[in-house]
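Working notes, structure below.
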Protein chains: 2
Amino acid sequence: MVRPSASDESAARKPNMREAILCAAEELFSINGFNAVSVRDIAQAAGANPGSVTYHFKTKDGLLLEIYQRHCEPMNRRRSELLTEAKRVRDVQDRLEAIVRAYVLPAFSSGSDLAGGGARFTRLRAVMSAEGNEVAGRIIAQTFDDTSHAFIDMIHESLPHIPRAEIVWRSHFLLGALYYTLVTPERVSRLSRGDADGFDAAHAMEQLVRSTVASLQAAALDQPDPSRRRAVGQIKT
Amino acid sequence: MVRPSASDESAARKPNMREAILCAAEELFSINGFNAVSVRDIAQAAGANPGSVTYHFKTKDGLLLEIYQRHCEPMNRRRSELLTEAKRVRDVQDRLEAIVRAYVLPAFSSGSDLAGGGARFTRLRAVMSAEGNEVAGRIIAQTFDDTSHAFIDMIHESLPHIPRAEIVWRSHFLLGALYYTLVTPERVSRLSRGDADGFDAAHAMEQLVRSTVASLQAAALDQPDPSRRRAVGQIKT
DNA sequence: CCATGATTTGTACAAATGTACAAATCATCC
DNA sequence: GGATGATTTGTACATTTGTACAAATCATGG
């Protein structure tokens, strides 16, 4: 029984054009980049008039800003929750895996109810990062760095013998791998000749977690590699 | 729009204008992306007239095409050479490292005499990939897939117990990490609070090689993880 | 039913874009 | 020195761009 009089529940029912524009812009930006998409493209995809975009978001940059502000907070909160859970895991290896999962999972599927999940927004971040978008760069640095530091510090606690700087490198590689997987999934399908599905986000995440946990545990660069012990011969550097 | 900084005067007395245009375009595209750079930006950076760009390369796409054709062949040849050398390495771990190095090294510093090295071109590829550039995508698929397959197959020979599809995933992550490192090196410096220099390409490469070799040796997803027996990194032949 | 504020529409405009092309300049060989 | 072909220059043009703004439409409370 729908009661039209109640003004409280109006949020879900309205065909909100503002939302449609945000959604269309997110989709188009994440595929084609910021510069290749015009305001008219967005308006058309959202079934709106170009003027509406100006009305709701003032400028094209403002639209991008709104997209970021919409996603950043929920995504980081979800990461913090998972990170706190991961902290309680006893076994070192299990804990490492939980930490990495806490970082990666919200990037693939957002914990919020925003349609399309976090994967699209993460792909958007990847593209903006590659394009050197200033608006995005500013937000990212001031919004994600805290989470990144928490993530790095927590790994460092689990792997105290590895210099923090090297953990930074490896977690940087993780983010790059994550971005690239979302940007060009078809390459995985192609190179595996169909044996792997690059578009299978869940499987991609499992592969990424497994791969990253292993790389994190590698010996530090300035330390001798323990696994080399069996090869008593020469060691090239 | 493009940042007015950079080195505009570098090509003041260039005898070969075609080369100067190529070089300027490569630089600008790799920083700002394809769509954000106008033909006039390129011409100004090269100290040329906008009409010259049309004369030498017909269209903007033609210019990008020429950049790719200029770099792809030398880079892949260098990779093949290094891969052939890597094949002769006896020790499995050393061979893996040599293979990864053969893949990564030409991407950081091109073996050819082209000024600026391969890093700039690799960053260009990263940005074009993120933007979903069609011209670039077509060339990449038909030029680099052979090398990628050779790379993957060679790793698979050294790690026969890991399904080829999983090696595809991991080498895909490698490329993503490589791209991202070249795209946003300042993030490494920032997150490491100065302990690491993201712009130090040589060191980045060492970190990437170490990290990747470890991730490649991780147990496959459908297999039980041997490292859970607490013995770190000990792998029997 | 009308008043009022929020939204949507249509249109306009200056700036920037890729490309075309004729004229001007240059290099090189007879 | 003059001819010839390659290159550079300057300019023009049709589109597309982001944004502005007045008019039209809508929603809603009195």
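Letters A, B, ... mirror the listed sequences (proteins, then strands); counts begin at 1.
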Per [X] side chain, nearest of listed nucleotides [options]:
| X | options | value |
| --- | --- | --- |
| B:S52 | C:dT8, C:dT19, D:dT8 | D:dT8 |
| B:R40 | C:dT19, C:dT8, C:dA12 | C:dT19 |
| B:K58 | D:dG18, D:dT8, C:dA20 | C:dA20 |
| B:Y55 | C:dA12, C:dT7, D:dA6 | D:dA6 |
| B:V39 | C:dT17, C:dG18, D:dT17 | C:dG18 |
| A:K60 | C:dG10, C:dT17, D:dG18 | D:dG18 |

Expressed in angstrom and rounded to an integer, what is the separation of [X] atom [atom1] from [N] atom [atom2]?
| X | N | atom1 | atom2 | value |
| --- | --- | --- | --- | --- |
| A:N49 | D:dA22 | CG | C1' | 13 Å |
| A:F57 | D:dA20 | CZ | P | 15 Å |
| A:N35 | C:dG18 | CG | P | 12 Å |
| B:Q44 | C:dG18 | CD | C1' | 17 Å |
| B:L63 | C:dT19 | CG | P | 10 Å |
| B:L64 | C:dT19 | CG | P | 12 Å |
| A:R18 | D:dA27 | CZ | P | 19 Å |
| B:I42 | C:dT19 | CD1 | P | 10 Å |

Ignoring backbone atoms, test whether B:H56 places a side-chain nitrogen or oxygen under 4.0 Å from the OP1 or OP2 oxygen of D:dT8. yes
Does B:S38 have a side-chain nitrogen or oxygen under 4.0 Å from the phosphate oxygens OP1 or OP2 of C:dT17? yes
Can you confirm whether B:L175 sits close enough to A:R187 that some side-chain heavy atom of one is under 4.5 Å from a side-chain heavy atom of the other?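 Yes, side chains in contact.
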Reading DNA chain D from 5' onward, which residue's closest nucleotide shows up sooner: A:P50 or B:I21? B:I21
Under a 3.5 Å threshold, yes or no: a donor from one side chain and an acceptor from the other, between A:S38 and A:D41? yes
Angle class for the A:W169/A:H172 ring planes (parallel below 30°, perpendicular above 60°, tilted otherwise)?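 A:W169 vs A:H172 ring planes: perpendicular.
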Taking everything shown except A:Q44 itself, do over 12 heavy atoms lie less than 6.0 Å from its CD?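 No, because the 6.0 Å sphere around CD of A:Q44 holds 12 heavy atoms or fewer from other groups.
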5'-most contact on DNA chain C: A:V53 or B:T54, nearest heavy atom basis? A:V53
Taking the six-membered ring of A:Y68, is NZ or CZ of A:R125 closer than 6.0 Å to its centre and within 45° of its axis?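 That pair does not qualify as a cation-pi contact.
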